[in-house]
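Here the structure is laid out as structure tokens; the discussion comes afterwards.
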Amino acid sequence: MQSSDAGLSTDRLSRVTDNIWILNDKPISAAGLQLPVRMTVIRLSNGDLVLHSPVRYSPDLRQQLERLGPIGYLLAPNIAHWMFLPEWQRQLPQAATFAARGLAARKQVRVAGLRIDRELGDTTPEEWTADLETVSVNAPTFSEVELFDRRSRTLVLTDLVQNLDPHRLGASNAAAANLLGIAKPDGKAPVYLRLLLRLGGRSAQAAAERLVKLAPERVIFAHGDWFEAQGTARLRRSLRWLLPASISGPEPERMVGTRVVITGASSGIGRAAALAFARNGATVVLAARRDDVLARLASECEALGGRALAVPTDVTDAQAVQHLASAAEEAFGGIDVWINNAGTGVFGAYQDAGIALHRRTIEVNLLGTMHGAYAVLPIFLRQNRGVLINNISIGGWAPTPFAAAYTASKFGLRGFTASLRQELSAHPHIHVCGVFPSMVDTPGFVHGANTSGRRLDPGPLLYQSEDVAQTFVRLVRAPRDEVAVGWPARAGQLAYTIAPEITENILAATFRWLLSRAHPAPVSEGTLIEAGPQGKSVDGGWLARKQIPPAGVLSTGLVVLGITACLAVAASKARRPSAPRARLEAAPRVRPGYGRRSGNA
């Protein structure tokens, strides 16, 4: 919203379901376009109201709302829909204000004095989990939180779909709506937002796919005629520009009946993998230390169409991992895929961290994977089939300074994976795969220990958890021995193979220089020893804070630019005549023998 257009809301609430109401307010002016605006009100099972994208405050509107229940939450669902919140907050200081990621850092928000109690990622607030599911759609400089009411199968969007009726607009506004691609009946996100979301990479695609997989019966959004019926089909049409080709087109190959065990499933790559397999119809068995987080993730996976079982597990405990395998086999009759994904690390000079932290890193990364393989291989051998995937890291190919225990565990993990593959070569239907991701935007930096005394920054070239999750899915369909996620992983492997000493020296100098410039930070054990509440999402928020596209998008863009530049240069040279030939053609023709000086002259 760009202009608040002074005035009070005077419209009346309209009931959508037993617990959802909408209010259509007076249009706002957005860059000259008159946009109709809509607030959605959701009543939770405990009676509290959630005001999604509140419109202009008025005492009359407040009275209407409070007849439905106490106003417990104000939600700014994206970085544009917050202009009317300050007045609501002044009138209702007891209400909690939730917002899309990145809103609190905006200068206009700080100047307006808006209090943000919590920014929402891709995990649903605990207060809402009984009734709602949140989905976060992210791109550089943009984030939007979508709400799905499970009771009524109603999806609430904001700007991801706009569907203005041209017949209700003036001529210039109707032309603008058509130009932006937000005109009924083919309303979508406006063209500038579509460009941004394409820069969001696989994360934005996965979010759109997840919204469709929720199979909403109706879809409400902030601007234009919402979808009162045939919600899923109409949503798929509106999001076809963002959905993966297999989802917007023919139904993809499903994994119904495929039983997948994932360790380290509570956040990051593990969480992304669980959601990816569930979207494909697979049965997922989720393992991590945080049972409450796993239970909520299992519900999300089931909402996407897959079966799910949460088994709280510490992978450093061999008996607990055996119990995980037994629980999966008893519940679903076998295991088709086992993904050893749990991982951690300690960053800092080796001697500055307690040996217990180094030992724990080895126990989680290496022994945890060995425990997983030890538990599942007998099952695979009885079945005479199965896919074992070990998530290793670029650190398994090139050593990382100030992460000695991590590097030791990953080098060991790569050797362990290769050795198992050799042992099982006589079983052609049992596959052992190693995955080597480049740097990934995950909560791993808050989970790992940091004894360096410096604030860690993974840099600008970050892949997304969804990139690795999609690699897992592809490996199940077509197993391979070793797969890199992102070109930096292969580059690190090649560099260390060809010139190990030079590679070590460059990495050491680079890390020392980066540490010398990093801001101070407290020493922390993270969640290495004890599980904690922090870091429940798919990403670590690095790309959002840096407001940059993921490495997959950047790399593709650079390749396209490079090819375009080469073609342009080649075309330019092809059109330009060579200078010597031009001069020769311009010179007067000389007959043979003329113009030559005689040797006797």
Side-chain angles (χ1 to χ4, degrees), residues 1-2 30-31 33 35 53 76-81 99-103 106 119-122 134-148 155-164 177 179-183 186-214 216 219 221-224 227 234-249 272 275-276 279 441 462-467 469-470 537-539 541-557 560:
M1 299 182 190
Q2 295 193 6
L33 177 64
L35 270 180
S53 187
N78 67 28
I79 58 173
H81 282 246
R101 179 184 287 167
L103 188 63
R106 295 178 72 85
E119 289 192 344
L120 304 184
D122 67 341
T134 61
V135 178
S136 185
V137 183
N138 300 303
T141 73
F142 179 81
S143 179
E144 182 169 303
V145 176
E146 324 297 6
L147 303 183
F148 180 67
L155 180 63
V156 182
L157 311 178
T158 310
D159 290 338
L160 191 61
V161 176
Q162 299 180 22
N163 195 43
L164 306 188
L179 186 63
L180 291 170
I182 58 175
D186 195 28
K188 301 179 286 293
V191 62
Y192 58 85
L193 184 52
R194 276 178 274 152
L195 292 174
L196 275 180
L197 286 168
R198 288 189 183 279
L199 296 178
R202 202 180 297 275
S203 172
Q205 287 186 336
E209 183 179 356
R210 186 174 166 193
L211 293 173
V212 172
K213 290 289 185 180
L214 289 171
V219 183
F221 32 85
H223 309 295
F227 304 152
R234 297 173 74 181
L235 179 67
R236 180 183 284 110
R237 177 175 173 81
S238 291
L239 296 182
R240 64 190 183 278
W241 58 272
L242 182 58
L243 289 167
S246 58
I247 300 301
S248 59
L275 295 172
R279 283 194 299 272
D441 182 7
L462 292 170
Y463 287 82
Q464 296 172 306
S465 294
E466 291 85 356
D467 294 325
Q470 193 57 40
S537 61
V538 164
D539 62 75
W542 292 101
L543 289 170
R545 287 190 291 273
K546 294 171 180 288
Q547 297 189 354
I548 56 175
V553 174
L554 284 174
S555 300
T556 302
V560 171

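Both backbone and side-chain heavy atoms feed into the values below; hydrogens, waters and symmetry mates do not. Quantities reported herein were computed from a predicted structural model and do not represent experimental measurements.
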Next on the checklist: Going by the rule salt bridge (Lys or Arg N to Asp or Glu O under 4.0 Å), which residues pair with Arg279 if we only count those two or more places apart in sequence or in a different chain?
Outcome noted: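 By the salt bridge (Lys or Arg N to Asp or Glu O under 4.0 Å) rule, Arg279 matches Glu209.
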Item to check | Partner set under salt bridge (Lys or Arg N to Asp or Glu O under 4.0 Å) for Asp441, not counting sequence neighbours | outcome: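 Residues passing salt bridge (Lys or Arg N to Asp or Glu O under 4.0 Å) with Asp441: none at all.
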Under 4.5 Å between any side-chain heavy atoms of [X] and [Y], yes or no?
| X | Y | answer |
| --- | --- | --- |
| Asp159 | Leu193 | yes |
| Leu33 | Ile182 | yes |
| Ile548 | Leu543 | yes |
| Val219 | Arg234 | no |
| Gln162 | Leu35 | yes |
| Thr134 | Asp122 | no |
| Pro216 | Phe227 | no |
| Leu160 | Asn78 | no |

Work out which heavy atom in [X] is nearest to a heavy atom in [Y]; give both atom names and the distance.
| X | Y | result |
| --- | --- | --- |
| Leu197 | Asn138 | CD2-O, 4.3 Å |
| Asn163 | Gly187 | OD1-N, 3.2 Å |
| Ala139 | Leu196 | CB-O, 3.3 Å |
| Arg202 | Asp467 | NE-OD1, 2.9 Å |

For [Y], does its backbone N or O pair with a side-chain atom of [X] as donor and acceptor, under 3.5 Å?
| X | Y | result |
| --- | --- | --- |
| Arg240 | Arg237 | yes |
| Ser465 | Asp539 | no |
| Ser143 | Ala100 | no |
| Gln464 | Gly200 | yes |
| Glu144 | Leu157 | no |

Item to check | By side-chain contact (heavy atoms from CB on, under 4.5 Å) - contacts of Arg194 (at least two apart) | outcome: Lys188, Ala189, Val191, Trp241
Checklist entry - Does Glu119 have any side-chain contact (heavy atoms from CB on, under 4.5 Å) partners at least two apart in sequence or in another chain, and if so, which? => result Arg101, Leu103, Ala104, Ile116
Checklist entry - Rounded to the nearest 0.5 Å, how far apart are CG of Leu195 and CZ of Phe142? => result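 Interatomic distance, Leu195 CG to Phe142 CZ, rounded to 0.5 Å: 13.0 Å.
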Item to check | Interatomic distance, Leu554 atom CG to Leu462 atom CG [nearest 0.5 angstrom] | outcome: 9.5 Å
Next on the checklist: Run the ring pair (Phe, Tyr, Trp, His ring centres under 6.0 Å) test against Phe148 and tell me which residues pass, sequence neighbours left out.
Outcome noted: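 Ring pair (Phe, Tyr, Trp, His ring centres under 6.0 Å) list for Phe148, sorted by chain: empty.
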Next on the checklist: Suppose we screen for ring pair (Phe, Tyr, Trp, His ring centres under 6.0 Å). Which residues come up paired with Tyr463, at least two apart in sequence or across chains?
Outcome noted: none
